[in-house]
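Just so it is clear, the values below take in all heavy atoms, side chains as well, and ignore hydrogens, waters and symmetry mates. Quick caveat, the model's predicted, so the values are computed rather than measured. Labels below follow one simple rule: chain letters A, B, ... track the order of the sequence lines, proteins then strands, and each chain is numbered from 1.
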2 protein chains.
Amino acid sequence: MTDHVAGVLDQWARERPDLDVSPMAVVGRVSRVSRRFAAETARTFAQHGLDHASFDVLATLRRAGPPYALSPTALTRSSMVTSGAISQRLDRLEARGLVVRRPRPTDGRGTDVALTDEGKALVDRALPDHLATEERLLAALSDEQRAELATLLSALLVSLE
Amino acid sequence: MTDHVAGVLDQWARERPDLDVSPMAVVGRVSRVSRRFAAETARTFAQHGLDHASFDVLATLRRAGPPYALSPTALTRSSMVTSGAISQRLDRLEARGLVVRRPRPTDGRGTDVALTDEGKALVDRALPDHLATEERLLAALSDEQRAELATLLSALLVSLE
DNA sequence: CCAGACTGTCTTAGCGCTGAGCTAACAAGC
DNA sequence: GCTTGTTAGCTCAGCGCTAAGACAGTCTGG
């Protein structure tokens, strides 16, 4: 059984035998797996009226622990998107009453973004479903394989972050 | 040395000890690694006046071998984007003279998309740089680790495709 | 030979993100 | 008290993508 990327590597070996395309075996697969994961998890989020962007913000606030509040800057840093994107995400979440923005008393520039009760309830409801979806996406791998995969990806991530 | 995802897992363990968040160790890392890869490779593409979307189409045509021509449907299938996205990618590439669209003689609905000489030259020029970038992104891993990672990702991909 | 189903490609409104840049508030040195 | 530099957050035009569907060409059964 082979995947799409194996076919790509074969084609390159035939057309450009002078080049070493082996890095694609990892990079290409990471990209494709990531897209599949995103497509599947998006369906779970949608069942809760959410998308990846919204869930990402809500979950970041939720796992920060009480009082479930962070600055937009902190959210930007943990999110891999720009500050402009976070501003817009917060606009949407605030319009739905899932988060509130309050000026920070100690710094006139700062803002505290806090989960509302409704926002917290929603993310707590969506999270188990999301985890079940992720679990299903990994069903092909044993616990040992998952651990090995996580270790390798972590090493890579440390070198990239 | 730990990565961002390790911190996320710690937070969830503290806030929701009732849930098994272990799938995130893989899913979360795949997503973050993929984004880093995409950001880095984008810079290499940009040096050749390309982006990921354009390179993807040109490379697919290039590695198909002579006469470097495929249908929009074939490009859609290998790309993980919708047919509408491929139409637009082809519009941009055609406007730049990197591909040409020709009606397919044997089927009035069909179109052949072919690499121009200029398109072929461009992808052949960009490819070595792109591979060098990918190689650099994987520098933290040994050959054995890369092979192991590729194998695990391939097993996952087979189960998802 | 025609009706209906199917296939291949394109069109378009709407969405979320980026990149550039803006404003306001704070900090440090003189 | 100023000036200069930094930080926090936001705005907005433009981009590529998706989802939905339009439309022409091809196939199939009766």
> Under a 4.5 Å side-chain heavy-atom rule over Ile, Leu, Val, Met, Phe, Trp and Tyr, are A/Val100 and A/Val57 clustered together?
no
> Can you tell which of C/dT9, C/dC17, D/dG25 lies closest to the side chain of B/Arg109?
D/dG25
> If I take atom CG in residue B/Asp107 and atom P in nucleotide C/dC6, what distance separates them, rounded to the nearest angstrom?
17 Å
> Output the distance between atom NE2 (B/His130) and atom CD (B/Gln47), rounded to the nearest 0.5 Å.
12.5 Å
> Expressed in angstrom and rounded to an integer, what is the separation of A/Asp51 atom CG from C/dG16 atom C1'?
8 Å
> Could you summarise the pairing of DNA chain D as dot-bracket text, marking Watson-Crick and G-U pairs under 3.5 Å with ( ) or [ ] inside the strand and | across strands?
||||||||||||||||||||||||||||||
> In whole angstroms, how far is the C1' atom of D/dG9 from the CG atom of A/Asp112?
13 Å
> Go through residues 80-98 of chain B and report each residue with a non-hydrogen atom lying under 4.0 Å from DNA chain C, sorted by number.
B/Ser83, B/Gly84, B/Ser87, B/Gln88
> Rounded to whole angstroms, how far apart are CG on A/Asp56 and C1' on C/dC17?
13 Å
> Which whole-number value in Å describes the distance from B/Arg77 CZ to C/dG8 P?
6 Å
> Is the shortest side-chain heavy-atom distance between B/Leu138 and B/Gln145 below 4.5 Å?
no
> So which nucleotide from D/dG9, C/dC17, C/dA25 ends up closest to the side chain of A/Thr73?
D/dG9
> For DNA chain C, whose closest nucleotide is more 5', that of A/Thr106 or that of B/Ser71?
B/Ser71
> Ion pair present between A/Asp56 and A/Arg89, side-chain N to carboxylate O less than 4.0 angstrom?
yes
> Are B/Arg16 and B/Val21 side-chain neighbours, meaning at least one heavy-atom pair lies under 4.5 Å?
no
> Rounded to whole Å, how long is the line connecting atom CZ of A/Arg43 with atom P of D/dT18?
16 Å
> Starting from P on D/dC10, measure out to CZ on A/Arg104 and report it in whole angstrom.
11 Å
> One thing to verify: whether A/Arg101 and A/Asp91 come together as a salt bridge, which I'm taking to mean a side-chain N less than 4.0 angstrom from a carboxylate O.
yes
> State whether A/Glu135 and A/Arg146 are salt-bridged, where the test is any N-O pair (Lys NZ or Arg NE/NH1/NH2 against Asp/Glu carboxylate O) under 4.0 Å.
yes
> Could you tell me how far apart A/Arg102 (CZ) and D/dA8 (P) are, to the nearest whole angstrom?
19 Å
> How about B/Arg62 and B/Asp124: do any of their side-chain heavy atoms sit closer than 4.5 Å?
yes
> Are any non-hydrogen side-chain atoms of B/Leu131 and A/Met24 less than 4.5 angstrom apart?
yes
